[in-house]
Amino acid sequence: MDARKLSRFATCEDYLACPVCGDALSLDGTCLACSAGHRFDIARQGYVNLLRGKHNHDVYDRESFASRRTVFESGLYAPIADAVCKALEEALGELPTRTTQPLVVDAGCGEGYFSSVVRKRTQARVCAFDISRDSIQLAAVREPEDGIAWLVADLAAIPLQTGVATAVLDIFSPARYNEFHRILKPGGRVIKVVPTANHMHEVRALAAGSLQQHDYSNQRVLDHFAASCTPLARHTVSNTIALTPELRDALIAMTPLLFSVDTAAIDWSGLTHATVEAEVLVGTWNA
Ligand SMILES: [Zn+2]
């Protein structure tokens with residue numbers, strides 16, 4: 001096993017919890033182990049599967065992964081990553097400094113684009129998890145950073161100890177606020193990114209005839225956020241870029257909006273630009 005991949009879990013006893021008994025997990029050879037003897041192998045790619053029971057949540061195929069990578073590398077999402085880092089740096093600056101490095105949890109990290117940017121910019125320890133094993137496997141293989149602990153895990157039962165995280169990121173992903181609250185330190189921040197009605201409006205306009213839901217509203221998500229924590233800040237971030245034919249094809253293949261649409265039946269030649277637009281919400285619970 002590559003020592004750098006094992007080093008991703010070097011400080012995990014500070015924050016990981018055994019999914020069976022809840023005790024701290026620590027690195028033991030090429031496993032994570034708790035004091036009760038539950039053991040979890042570190043996969044050779046450098047991640048750990050902490051899902052209990054049978055799950056099969058791999059919704060993306062390999063082609064979709066390649067497309068997602070192409071889109072992320074285009075810089076389309078870079079302003080959103082910038083806004084997340086800025087919100088995070090503010091949070092890290094405001095919270096009392098401690099002897100240990102801050103811990104940032106990326107909940108529903110997918111193949112880890114945002115986790116990686118955050119790690120590079122802030123040098124915080126990052127624990128990133130997703131329920132999709134395929135996503136985590138790819139993230140763990142591709143990501144050279146040693147400071148990210150990659151996990152296959154369930155949002156409904158996050159295998160982290162109580163009160164260990166400085167911030168939780170929840171980017172284009174479902175939320176479980178009671179779990180976020182539990183794992184955060186007092187005064188820790190949740191940073192949630194939710195698309196606006198303007199998100200991918202060029203794609204939506206061309207696919208309008210095939211979409212089940214013509215208009216998107218994020219109001220329900222915003223209301224749930226405001227009801228679940230104390231909102232501190234809200235910024236809208238928008239970015240429009242010109243599409244090359246390769247990027248256009250990748251975007252069509254990776255956009256969840258189109259997963260149930262026969263994309264081959266639509267004339268995409270008019271799709272020359274794409275917009276991503278999202279709200280970055282920052283919230284906390286009583287310090
Ligand atoms: Zn255990």
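- Closest approach of Gly46 and Trp150 over heavy atoms only: O-CD1, 4.0 Å.
- Listed by first and then second residue, the side chain to side chain donor-acceptor pair (under 3.5 Å) pairs involving residues 71-84 are Asp82-Arg121 (not counting sequence neighbours).
- In terms of the side chain to side chain donor-acceptor pair (under 3.5 Å) criterion, residue partners of Asp223 (sequence neighbours excluded) are, by chain and number, Gln219.
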Can Leu169 and Val126 be said to form a side-chain contact (heavy atoms from CB on, under 4.5 Å), step by step? CA-CA 10 Å; Leu169 311 180; Val126 177; over 6 Å; no
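- Ile183 places a side-chain heavy atom less than 4.5 Å from the side chain of Val168.
- Listed here is the closest heavy atom pair of Gln123 and Gln101: O-NE2, 2.6 Å.
- Sorted by first and then second residue, the side chain to side chain donor-acceptor pair (under 3.5 Å) pairs with a member in residues 239-251 read Thr240-Thr275; sequence neighbours excluded.
- At a threshold of 4.5 Å between side-chain heavy atoms, the hydrophobic network of Ile, Leu, Val, Met, Phe, Trp and Tyr places Val276 and Trp268 in one connected group.
- At a threshold of 4.5 Å between non-hydrogen side-chain atoms, the residues Cys229 and Thr284 do not count as touching.
- For the pairing with Tyr113, the ring pair (Phe, Tyr, Trp, His ring centres under 6.0 Å) check across Phe72, Phe172, Phe65 returns one residue only, Phe72.
- Closest approach of Met254 to Ser67, counting heavy atoms only: CB-CB, 4.1 Å.
- The two residues Ile136 and Gly110 make their nearest non-hydrogen contact at CD1-O, 4.2 Å.
- At least one side-chain heavy atom of Phe225 sits less than 4.5 Å from a side-chain heavy atom of Val190.
- Sorted by first and then second residue, the side chain to side chain donor-acceptor pair (under 3.5 Å) pairs involving residues 159-173 (not counting sequence neighbours) are Thr162-Arg182, Asp170-Lys192.
- For Phe180, the ring pair (Phe, Tyr, Trp, His ring centres under 6.0 Å) criterion is met by Tyr177, not counting sequence neighbours.
- No side-chain donor-acceptor contact under 3.5 Å links Arg52 to the backbone of Pro19.
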Enumerate donor-acceptor pairs with a distance under 3.5 Å from any side-chain N or O in residues 256-265 to protein atoms, sequence neighbours excluded.
from	atom 1	to	atom 2	distance (Å)
Asp262	OD1	Ala264	N	3.3

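- In this structure, Ile241 and Leu247 have side chains that are in contact, with non-hydrogen atoms separated by less than 4.5 Å.
- How far CG of Leu271 is from CE of Met200: 9.5 Å, rounded to the nearest 0.5 Å.
- In this structure a side-chain-to-backbone donor-acceptor pair under 3.5 Å is present from Trp285 to Ser228.
- Screening residues 33-45 for side chain to side chain donor-acceptor pair (under 3.5 Å) gives Asp23-Ser35, Asp28-Arg39 as the qualifying pairs, with residues at least two apart or on separate chains.
- In this structure, the separation between CD1 on Ile191 and CG on Leu88 is 4.5 Å, given to the nearest 0.5 Å.
- Ile80 and Val117 fall within the same hydrophobic cluster, defined by Ile, Leu, Val, Met, Phe, Trp and Tyr side-chain heavy atoms under 4.5 Å apart, directly or through other members.
- The CG atom of Leu32 sits 8.0 Å away from atom OG of Ser26, with the distance rounded to the nearest 0.5 Å.
- Scanning for side chain to side chain donor-acceptor pair (under 3.5 Å) contacts around Asn198 gives Glu277, with sequence neighbours left out.
- Of the possible donor and acceptor atoms, one in the side chain of Thr70 sits under 3.5 Å from a partner among the backbone N and O of Ala66.
- With Arg234 as the fixed residue, the side-chain contact (heavy atoms from CB on, under 4.5 Å) test singles out one of Leu281, Val280, Val282: Leu281.
- Between Thr272 and Leu243 there is no side-chain heavy-atom pair separated by less than 4.5 Å.
- Under the side chain to side chain donor-acceptor pair (under 3.5 Å) criterion, Asp130 pairs with no residue, sequence neighbours left out.
- Listed here is the closest heavy atom pair of Ala17 and Gly22: CB-O, 3.7 Å.
- For His235, there are no ring pair (Phe, Tyr, Trp, His ring centres under 6.0 Å) partners at least two apart in sequence or on another chain.
- To the nearest 0.5 Å, atoms CG (Leu138) and OH (Tyr47) are separated by 10.0 Å.
- Applying the side-chain contact (heavy atoms from CB on, under 4.5 Å) test between Val164 and each of Leu103, Leu184, Val105, Asp14 identifies Leu103 as the sole match.
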Derivation of the side-chain contact (heavy atoms from CB on, under 4.5 Å) call for Asn49 and Arg133: CA-CA 8 Å; Asn49 186 346; Arg133 191 174 60 99; 4.2 Å; yes
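- In terms of heavy-atom proximity, Val104 sits nearest to Ala124 at CG2-CB, 3.8 Å.
- A side-chain contact (heavy atoms from CB on, under 4.5 Å) with Phe129 holds for exactly one of Ile158, Val48, Val152; it is Ile158.
- Considering CD of Glu279 and CG of Asn218, their distance stands at 5.5 Å, rounded to 0.5 Å.
- From His201, atom NE2 reaches atom CG of Leu206 across 11.0 Å, with rounding to the nearest 0.5 Å.
- The side chain to side chain donor-acceptor pair (under 3.5 Å) search around Ser217 returns none, not counting sequence neighbours.
- Between Ile131 and the options Leu155, Asp154, Leu151, a side-chain contact (heavy atoms from CB on, under 4.5 Å) holds for only Asp154.
- In terms of the side chain to side chain contact (heavy atoms under 4.5 Å, CB included) criterion, residue partners of Asn178 (sequence neighbours excluded) are, by chain and number, Arg176.
- Side-chain contact between Arg204 and Leu211 is present, with heavy atoms from C-beta onward closer than 4.5 Å.
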Test side-chain contact (heavy atoms from CB on, under 4.5 Å) on Cys34 and Phe40; report intermediate values, then the result. CA-CA 9 Å; Cys34 75; Phe40 306 89; 6.0 Å; no
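- Arg189 places a side-chain N or O within donor-acceptor distance of the main-chain N or O of Gly187, the cut-off being under 3.5 Å.
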